[in-house]
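The structure under discussion appears below in the form of structure tokens.
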Amino acid sequence: MTNEADHHLLRWLSLAHTPGLGLIGASRLLAAYGDIEALFRAGLDELSARGVRRETALALTRRAGLAPARQELARIRRAGIHCLTRSDPAYPPLLQEISDPPLILYGQGDLAALRQPALAVVGARSASVYGRKMAETLAGDLAATGITVISGGALGIDSAAHQGALAAPAGRTVAVLGCGLDVIYPPQNKKLFAMIAATGMLLSEYPLGTRPEPFRFPARNRIISGIAVGTVVIEAARRSGSLITAEMALDQGREVFAVPGRADSSKSEGCHRLIQEGAKLVHRSADILAELALSPLPAQSQIISGPEPAAPPAPDGDAAAILAVLDEYPRDIEEIIAACRLPAQRVNAVLLELELLGRVETEPGPQYRKTSSPAA
């Protein structure tokens with residue numbers, strides 16, 4: 001026995017499971033009939049007259065998708081997840097505007113995350129320290145203004161963006177996955193996904209149990225850009241999934257922003273190309289807010305805090321000389337030694353001290369960079 005809501009949801013699940021139909025075919029039929037109930041009242045001759053292949057029309061009229069739909073509905077109810085159809089008021093309104101919105105979105109978490117203005121933050125999986133820092137800072141600042149940060153839940157820039165948003169006061173973030181919500185991928189993000197579901201949302205167009213096949217990730221990128229008013233790209237190689245997301249955003253009529261990187265870094269080639277082609281160059285969240293004419297929410301932009309912590313003592317001597325040749329881009333140890341004109345042994349010793357003090361960060365190479373906000 002099903003209630004009215006479940007009966008309606010079964011219609012959508014049946015449509016999604018109808019053999020031979022697919023997303024494009026289902027979308028055309030929904031557009032032709034206006035709503036799901038009218039579509040399911042259509043007979044075989046009427047469907048055939050509308051150009052539906054006879055095999056598909058037979059599958060629809062004989063309710064071939066109903067049995068798997070009932071099984072899926074039972075799994076959804078046991079898992080306690082949201083199931084948003086295109087007719088659901090909670091379905092993201094901007095996503096409705098793209099050319100191929102999902103028939104159904106599966107969600108775990110707080111639906112309020114989908115009601116706030118959203119910005120996508122995406123980038124390289126093998127991100128540098130600089131890239132992760134920029135993603136975390138930008139996402140945190142955006143989330144603190146009441147904007148939901150959307151990303152893909154991947155390692156690197158995606159994870160840093162989610163973490164930055166979660167660290168902001170009342171910050172919300174949404175991870176759009178390329179698999180079922182019950183499949184943890186990548187497995188390293190199990191704890192992060194639990195944190196996202198607690199205050200934001202995990203979202204997918206794929207039913208429970210769907211494995212993370214490679215072809216699913218480009219498809220899910222249209223959802224990331226489709227929910228958002230704009231997409232920010234941080235570190236992207238010449239051929240990158242992040243550039244696919246940016247192209248989809250442009251096709252959807254959304255804004256694209258790019259964070260510049262090192263001119264000699266392959267991780268920056270994609271972002272620099274986007275800037276050359278007209279993407280807005282951004283250094284901080286204020287650049288994005290100004291471009292989109294978004295204002296911080298007063299309650300979230302005024303954070304009450306205690307006394308300002310005492311500034312750490314200014315470095316002197318060799319430490320000052322080394323810090324003077326560093327910036328927020330990583331620099332090779334050989335370059336540092338040559339620039340500060342100190343013995344290699346001394347430079348390595350002082351860099352270790354500065355790292356322990358939180359004034360510099362290290363990357364493979366080894367490379368070193370100055371931290372943007374030194375620890376006290």
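Residues: numbered from 1 along the sequence shown.
- Taking every heavy atom of both residues into account, A258 and L274 meet most closely at CB-CB, 4.2 Å.
- Distance alone, capped at 3.5 Å, places no donor-acceptor pair between the K267 side chain and the A127 backbone.
- Members clustered with F217: Y185, by chain and number, using a 4.5 Å side-chain heavy-atom cutoff among hydrophobic residues.
- Under the 4.5 Å side-chain heavy-atom criterion for grouping Ile, Leu, Val, Met, Phe, Trp and Tyr, L243 is connected to I224 within one hydrophobic cluster.
- Among all heavy-atom pairs drawn from A236 and S240, the shortest one is CB-OG, 3.7 Å.
- Panel note: side chain D287, backbone R284; a donor-acceptor pair is recorded below 3.5 Å.
- None of E277, E269, Q276 except one satisfies the side-chain hydrogen bond (donor to acceptor under 3.5 Å, both in side chains) rule with R273; the exception is E277.
- Proximity of R63 to S14: side-chain heavy atoms (C-beta onward) are nowhere separated by under 4.5 Å.
- A heavy-atom distance below 4.5 Å is found between the side chains of H283 and P260.
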Verify side-chain contact (heavy atoms from CB on, under 4.5 Å) between H17 and E72, making sure each step is shown before the conclusion.
CA-CA 10 Å; H17 283 287; E72 188 177 346; 2.4 Å; yes
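- With Y206 as the aromatic partner, R216 meets the cation-pi criteria of under 6.0 angstrom to the ring centre and within 45 degrees of the ring axis.
- Using a 4.5 Å cut-off on side-chain heavy atoms (C-beta onward), P186 and F193 make contact.
- Side-chain contact between T148 and I227: absent, with no pair of heavy atoms (C-beta onward) separated by less than 4.5 Å.
- We find the OG-CG distance between S225 and L95 to be 8.5 Å, quoted to the nearest 0.5 Å.
- With T245 contributing its side chain and G241 its backbone, the two residues share a donor-acceptor pair below 3.5 Å.
- Enclosure of atom CZ in R28 is not indicated, since only 12 or fewer non-hydrogen atoms of other residues, nucleotides or ligands lie within 6.0 angstrom.
- Salt-bridge check for D6 with R77: passed, with a basic side-chain N closer than 4.0 Å to an acidic carboxylate O.
- Hydrophobic clustering places L10 together with L15 (ILVMFWY residues linked when any side-chain heavy atoms are closer than 4.5 Å, directly or through intermediates).
- For the pair E355/V360, a side-chain contact is recorded, criterion being any heavy-atom separation below 4.5 Å from C-beta on.
- Annotation: the span from L119 atom CG to L292 atom CG amounts to 6.0 Å, rounded to 0.5 Å.
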Report the C-alpha distance between E97 and L94 in whole Å, list the side-chain angles of each, state the deciding distance to 0.1 Å, and finish with yes or no for side-chain contact (heavy atoms from CB on, under 4.5 Å).
CA-CA 5 Å; E97 298 176 4; L94 284 179; 3.8 Å; yes
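- A donor-acceptor pair under 3.5 Å is absent between the side-chain atoms of E361 and the main chain of R369, judged by distance alone.
- No donor-acceptor pair closer than 3.5 Å links the side chain of R331 to the backbone N or O of I336.
- Counting heavy atoms from C-beta on, the side chains of V233 and I157 never come closer than 4.5 Å.
- When atom types are taken as modelled, the side chain of T145 and the backbone of L142 share a donor-acceptor pair closer than 3.5 angstrom.
- Between the OG1 atom in T18 and the CG atom in L13 there is a gap of 10.5 Å [rounded to 0.5 Å].
- Dense packing is recorded around CZ of R262, with more than 12 heavy atoms of other residues, nucleotides or ligands lying under 6.0 Å away.
- Atom CZ of F257 and atom CG of L281 lie 11.5 Å apart (nearest 0.5 Å).
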Check the pair V122, D158 against side-chain contact (heavy atoms from CB on, under 4.5 Å), reporting the backbone distance first and the verdict last.
CA-CA 6 Å; V122 297; D158 288 17; 4.3 Å; yes
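- For the residue pair G152 and H162, the shortest heavy atom distance occurs at N-NE2, 4.0 Å.
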Show the atom names and distances, to 0.1 Å, of all donor-acceptor pairs under 3.5 Å that link a side chain in residues 43-54 to residues at least two apart or in another chain.
from	atom 1	to	atom 2	distance (Å)
E46	OE2	Y33	OH	3.1
S48	OG	L44	O	2.9
R50	NE	Y33	OH	3.1

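- Residues M195 and L177 share a hydrophobic cluster, clusters being chains of Ile/Leu/Val/Met/Phe/Trp/Tyr side chains in contact below 4.5 Å.
- L21 is connected to L103 through a chain of hydrophobic side-chain contacts under 4.5 Å among Ile, Leu, Val, Met, Phe, Trp and Tyr, so both are in one cluster.
- Between the CG atom in L202 and the CD1 atom in I196 there is a gap of 6.0 Å [rounded to 0.5 Å].
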Under 3.5 Å, which donor-acceptor pairs do the side chains of residues 344-354 form with other protein atoms, sequence neighbours left out?
from	atom 1	to	atom 2	distance (Å)
R346	NE	D318	OD2	2.7
R346	NH2	D318	OD2	3.4
N348	ND2	A344	O	3.1

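- Between E136 and R132 no salt bridge is recorded (no basic side-chain N to carboxylate O distance below 4.0 Å).
- Under the side-chain contact (heavy atoms from CB on, under 4.5 Å) criterion, A338 pairs with no residue at all, not counting sequence neighbours.
- In terms of the side-chain contact (heavy atoms from CB on, under 4.5 Å) criterion, residue partners of S87 (sequence neighbours excluded) are, by chain and number, H8, W12, T85.
- Of all the heavy atoms in L23 and P101, the pair that sits closest is CD1-O, 3.4 Å.
- Every residue two or more places apart in sequence or in another chain that forms a salt bridge (charged side-chain N to carboxylate O under 4.0 Å, His left out) with D110 is listed here: R172.
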Begin with the C-alpha distance, continue with both residues' side-chain angles, and end with the deciding distance and a verdict on side chain to side chain donor-acceptor pair (under 3.5 Å) for S27 and D100.
CA-CA 8 Å; S27 297; D100 52 352; over 6 Å; no
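- Rounded to the nearest 0.5 Å, atoms CD1 (I337) and CD1 (I333) are 4.5 Å apart.
- No side-chain donor-acceptor contact under 3.5 Å links D332 to the backbone of E334.
- Across all non-hydrogen atoms, the minimal contact from G226 to I98 is CA-CG2, 4.0 Å.
- The shortest side-chain heavy-atom distance between L181 and L208 falls under the 4.5 Å cut-off.
- L111 has its side chain within reach of M201: a pair of non-hydrogen atoms, C-beta onward, lies under 4.5 Å apart.
- Although no hydrogens or angles enter the test, the distance criterion places a donor-acceptor pair under 3.5 Å between the side chain of E235 and the main chain of S128.
- One hydrophobic cluster, built from ILVMFWY side chains closer than 4.5 Å, holds both F40 and L29.
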Stepwise, does the side-chain contact (heavy atoms from CB on, under 4.5 Å) test hold for L289 with I147?
CA-CA 10 Å; L289 296 174; I147 291 171; 3.5 Å; yes
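- Residues A135 and I234 come closest through the heavy atom pair CA-CD1, 3.5 Å.
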Begin with the C-alpha distance, continue with both residues' side-chain angles, and end with the deciding distance and a verdict on side chain to side chain donor-acceptor pair (under 3.5 Å) for R222 and S99.
CA-CA 10 Å; R222 80 189 193 287; S99 62; over 6 Å; no
